[in-house]
Number of protein chains: 2
Amino acid sequence: MQRVSLTELAKRLNLSPSTVSRALADHNEVSEATKQRVRQLARELNYQPNQLAAALRRGRSGTLGVLVPHITGHFFPQVVHGIATEASRAGFTVMICQSNEDAQQERRNIELLRHNQVEGILVSLANTTQDISHFEELRQQGVPLVFFDRVVEDFRGTNVSAVVLDDYQGAYQVVAHLVAQGCRRIAHFSGPLHLSIHKNRHQGYRDALLAHNLPVDEDLIVFCPQTQAGGAEAMQQLLRTLPAPPDAVFASNDLAAVGAMRVAKQAGLRVPEDLAVAGFSNETFTTLTEPNLTTVDQGCETMGISAVRLLVQMLHTTAEQRKPQPRNVVLKPQLLVRESSLRKPRD
Amino acid sequence: MQRVSLTELAKRLNLSPSTVSRALADHNEVSEATKQRVRQLARELNYQPNQLAAALRRGRSGTLGVLVPHITGHFFPQVVHGIATEASRAGFTVMICQSNEDAQQERRNIELLRHNQVEGILVSLANTTQDISHFEELRQQGVPLVFFDRVVEDFRGTNVSAVVLDDYQGAYQVVAHLVAQGCRRIAHFSGPLHLSIHKNRHQGYRDALLAHNLPVDEDLIVFCPQTQAGGAEAMQQLLRTLPAPPDAVFASNDLAAVGAMRVAKQAGLRVPEDLAVAGFSNETFTTLTEPNLTTVDQGCETMGISAVRLLVQMLHTTAEQRKPQPRNVVLKPQLLVRESSLRKPRD
DNA sequence: CTGAAAGCGCTAACAA
DNA sequence: TTGTTAGCGCTTTCAG
């Protein structure tokens with residue numbers, strides 16, 4: 001069984017290629033009888049339309065480019081899953097590239113996507129990216145662009161869209177919850193503040209304390225690697241240094257929270273009675289710790305979906321000759337209260 | 001700055017499109033001087049080659065199709081990561097689709113990939129797929145095809161390649177290790193045997209026992225959902241039913257192992273002293289449990305890489321007019337001994 | 001070393 | 001309702 005082209009079908013049916021094309025596209029200018037004939041033969045010969053040719057001719061590839069730092073861990077696979085699902089729903093295919101957190105690869109992949117004529121690009125920045133000229137170029141040339149999670153702050157208010165999570169809000173909610181549970185000396189394990197996620201969570205922590213008339217005690221704030229070991233280390237430090245241990249720990253991510261929890265338990269503290277613990281991200285393992293870890297869900301999949309919707313919107317508006325309508329979406333995170341911070345019965 | 005085509009470049013340089021094309025492809029039949037001129041102007045005008053057109057002309061898209069059940073959880077993201085990385089290394093781009101475990105979507109996506117002229121397809125079956133006619137068709141038409149992890153058994157020995165993990169071997173190793181640790185009454189928590197992963201692990205368990213002159217006690221084999229709850233349930237059942245608890249549990253996956261471990265600890269058994277525990281898959285959380293869980297690493301990324309290599313090989317051999325050379329690769333899993341099963345000091 | 005010509009497979013004016 | 005024509009942007013014979 002050979003590959004047949006549309007032209008081939010046309011010949012066999014004594015029709016012109018255009019008619020066949022229209023028939024297959026179900027144009028209403030074609031007689032029902034002809035459509036039947038065409039479809040029948042197409043099925044018989046197992047005709048496979050060549051999307052490349054159609055895309056070339058139309059000037060529209062029907063493909064969206066996706067550029068993520070990597071497809072590992074918890075967050076990005078989920079987002080990519082959301083992107084792929086929503087793109088498919090909107091009738092697009094996706095071409096996915098990884099920058100491997102490398103600015104060079106990021107540049108190359110952007111090129112690659114362009115050469116493949118993607119209609120728009122969804123990007124989360126590599127963490128080594130300083131020079132953003134490659135994105136600036138895309139922006140100027142009007143390539144529809146949506147950043148998600150790791151965004152270029154400078155592009156706010158330009159013809160570029162973005163989807164981010166409200167980390168500040170998430171952290172604020174955690175602390176408010178801990179206060180409601182009766183905690184008064186809430187420690188915070190933060191990552192480096194040059195990363196916006198940690199900066200925002202840190203700020204949310206501070207503001208929530210102040211809003212509840214609690215002092216911000218700098219001794220309760222520890223900067224540490226956001227890993228299990230880092231969290232463990234930080235907890236040990238607090239237990240060693242302070243006259244009395246804190247009554248809660250809010251870590252900027254789940255791994256650090258687990259580390260803290262483990263050390264606390266080894267030190268004889270009961271969780272949550274003596275020490276309430278909360279993390280951030282809703283990693284899979286948060287329902288496997290003992291006790292289960294209170295955390296903040298980021299709605300990763302929703303982020304992917306929103307990003308695609310934004311992009312598709314932009315594509316429509318540009319197609320209608322109007323200016324593309326960039327927008328910034330800030331997703332609300334969801335506090336998940338679990339055993340590790342629950343001292344009082346739920347309402 | 002408008003989009004410029006190769007033809008446009010040619011006009012501006014008073015050259016023919018063919019020469020420009022050759023210059024950009026760095027053919028050695030073009031004078032160095034001309035190459036310079038072409039490259040210079042291309043850069044100045046920010047020329048972006050149209051891959052679609054090139055692909056159409058060449059009859060080679062440079063794209064590989066990937067079809068996975070989903071991009072969530074632990075396993076598939078890792079494999080996809082491996083695929084994307086290796087494909088990029090081999091000069092291909094990837095088009096990724098999800099079947100969402102649905103046979104219908106699987107069929108549609110296969111179509112989609114074909115229409116996009118992918119040069120070959122990497123597939124892991126949806127678990128609802130019974131009718132495999134869509135793959136049979138690909139096979140007959142000579143579309144290069146590589147299955148990974150969830151394969152079509154019927155295709156063994158045909159012009160289709162496959163990459164699978166040696167589950168049997170992995171299970172065997174686990175049990176051999178447990179025996180070496182002094183365990184004699186090793187329980188096994190298995191999933192449904194119609195899934196090959198569980199069937200093979202189960203068989204590995206049995207054979208390893210026999211090989212070490214231990215009896216296979218059917219009372220120690222429990223079929224349960226391979227979830228934390230399932231594992232917990234199974235453990236409770238054993239503790240309730242048996243006159244004496246087993247001295248080890250090997251669960252067919254990590255979640256079930258965690259459930260078993262938790263119940264055992266609650267029942268006052270020490271892990272690993274009274275009960276050694278081992279799982280399968282090397283999920284992220286296995287280094288977060290207390291104690292850390294002994295498990296089997298599947299080399300997910302390696303699987304992706306192998307699959308791509310196999311496909312690329314097939315592409316080469318077909319290109320050289322020779323018959324494609326399908327191969328079956330069986331990856332060796334790696335036993336990771338951790339605290340949950342370690343009773344004796346390491347060698 | 002360079003150019004002319006043809007065409008990959010499809011779609012979309014414009015005609016009939 | 002159907003056909004004619006042209007061409008998307010590129011590569012690749014084949015000639016010069």
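In what follows, every heavy atom counts, from backbone to side chain, and hydrogens, waters and symmetry copies are set aside. The sequence lines fix the lettering, A, B, ..., with proteins before strands; numbering per chain opens at 1. On a predicted model such as this, the values are computed, not experimentally measured, just so you know.
A donor and an acceptor atom sit less than 3.5 Å apart, one in the side chain of B:S18 and one in the base of C:dA4. You'll find a donor-acceptor pair under 3.5 Å spanning the side chain of B:R22 and the base of C:dG3, going by distance alone.
Rounded to an integer number of Å, the gap from NE2 of A:H27 to C1' of C:dC10 is 12 Å. Regarding B:R58, its CZ atom lies at a distance of 16 Å from the C1' atom of D:dT13, rounded to whole Å. If you measure from atom CG of A:L24 to atom C1' of D:dT2, you get 15 Å, rounded to the nearest angstrom. Taking atom CG of A:L9 as the reference point, atom C1' of D:dT2 lies 17 Å away to the nearest angstrom. Residue B:R60 contributes atom CZ, which lies 15 Å from atom C1' of C:dC8 at whole-angstrom precision. If you measure from atom CG of B:N14 to atom P of C:dA4, you get 11 Å, rounded to the nearest angstrom. Rounded to whole angstrom, the span from the CG atom of A:N50 across to the C1' atom of C:dC8 amounts to 8 Å. As a whole-Å value, the separation of B:K11 NZ from D:dC10 C1' is 14 Å.
A donor atom on one side chain and an acceptor atom on the other are not found under 3.5 Å apart for B:Q98 and B:H70. Under 3.5 Å, the side chains of B:Q105 and B:N100 contain a donor-acceptor pair of N or O atoms.
The main-chain N or O of A:N328 is never found under 3.5 Å from a side-chain atom of A:S161 such that the two would form a donor-acceptor pair.
Contact annotation: A:S16 side-chain N/O to D:dT4 OP1/OP2 distance is not under 4.0 Å. Neither OP1 nor OP2 of C:dC8 sits under 4.0 Å from any side-chain N or O of A:S5. When the side-chain nitrogen and oxygen atoms of B:S31 are compared with OP1 and OP2 of C:dT2, one or more of them lie within a distance under 4.0 Å. The side chain of A:T19 contributes an N or O atom lying less than 4.0 Å from OP1 or OP2 of D:dG3.
In this structure, B:L52 reaches neither bases nor backbone, as no heavy-atom distance under 4.0 Å exists between it and the strands shown.
When distances are taken from the side chain of B:V30 to each of C:dT2, D:dT12, C:dG9, the shortest belongs to C:dT2. When the nucleotides D:dT1, D:dG3, C:dG9 are ranked by their closest atom to the side chain of A:E29, D:dT1 comes out on top. Of the candidates C:dT2, C:dC10, D:dC10, the closest approach to any side-chain atom of B:T34 belongs to C:dT2.
Ring pair A:F135/A:F147 is perpendicular by interplanar angle, where above 60° counts as perpendicular and below 30° as parallel.
Salt bridge annotation for B:R39-B:E32: present, with a cationic side-chain nitrogen under 4.0 angstrom from a carboxylate oxygen.
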